[in-house]
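Here the structure is a predicted model, which means the values were calculated and not measured. Order of appearance sets the numbers: ligands from 1, and atoms from 1 within every ligand. Sequence positions, counted from 1, serve as the residue numbers for this chain. Values below: all heavy atoms of this structure, side chains included; hydrogens, waters and symmetry mates excluded.
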Amino acid sequence: MSQQSMKIEAARAALEYVENGMRLGIGSGSTAEEFVKLLAERVNAGLEIIGVPTSERTAKLCTELGVPLSSLDETPQLDLTIDGADELDANLSLIKGGGGALLREKIVAFASKKMIVIADGSKVVEKLGAFPLPIEVNIFGLAATKQAVEDAAGKLNLTGAIKIRENRDGDEFKTDGGHLILDASFGHICDPEALSNALHAIPGVVEHGLFIGLADVAVVAQENGVEIKTAAL
Ligand SMILES: O=C(CO)[C@H](O)[C@H](O)COP(=O)(O)O
């Protein structure tokens, strides 16, 4: 099965968790987009949900396909968020933000009673960190913030390149909130919670892509079928 087919299978299996009347957080990225397409089919067949998108891109796709949307201001409490991930471990700690939507994704997941991660098997890791950690930062004081991130990580024995994310045309990538992303290639992160706390202590850091204690279930599509994972701890 191709990776794309696995994304579709994970999205299809996650759709089983969606019930009529739900207020639904809708994730970003290619796996989440497969979910949106399948959700739209169900909505057009009569399923009633209201969605809160985690990015402008997801909002556009939902609108094009007829998925009704609300905002987190109008609908501040959600029943379920379904979103992809760049990495997930056995505790269902995640790295997210490969698509740059991590801030809104985390706000939406936090506002939800439950979060389900959808992924193909390649996203499952023993230790987080092979995927560079996205860190969303304010433009003001960028060099100082980057230095502070390096210093904080160094105290946790995490070293490695920290790069300002660029678009394909070489310009700085800007998030939907108008911030920049630092992609930190720290390698294996032994203590994600300690790193999360250290990053949150830096004023220029808006948010980071470590999602700890947010995901309740992971729906992971492997070659031989879909596996439902719950946190090991
Ligand atoms: O966090 C995200 C976007 O900010 C995505 O969920 C993550 O990058 C996974 O994307 P994909 O499903 O395309 O592999």
Lys/Arg-Asp/Glu bridge criterion (N-O < 4.0 Å) met for Glu74, Arg23: no

Suppose we measure from [atom] to each protein heavy atom; which comes out shortest, and what is that distance?
| atom | value |
| --- | --- |
| atom 2 (C) of ligand 1 | Glu105 OE2, 3.3 Å |
| atom 14 (O) of ligand 1 | Lys123 NZ, 2.6 Å |
| atom 13 (O) of ligand 1 | Ser30 OG, 2.5 Å |
| atom 12 (O) of ligand 1 | Thr31 OG1, 2.5 Å |

Give a yes/no on ligand 1: does Ser28 have at least one heavy atom closer than 4.0 angstrom to it? yes

Taking the side chain as everything from C-beta on, heavy atoms only, tell me whether Ser30 gets closer than 4.5 Å to Lys7. yes

Can you find a heavy atom in the side chain of Met6 that is under 4.5 Å from one in the side chain of Glu223? yes

My understanding is that we take every heavy atom of each candidate and find the minimum distance to atom 7 (C) of ligand 1. Doing that for Asp120, Asp86, Asp83, which one comes out nearest? Asp86

At under 4.0 Å between heavy atoms, what of Ala85 touches ligand 1? The answer is backbone

If we only count N/O pairs under 3.5 Å, is Gly97 in contact with ligand 1? yes

Cut-off 3.5 Å, side chains only: do Gln147 and Asp151 have a donor facing an acceptor? yes

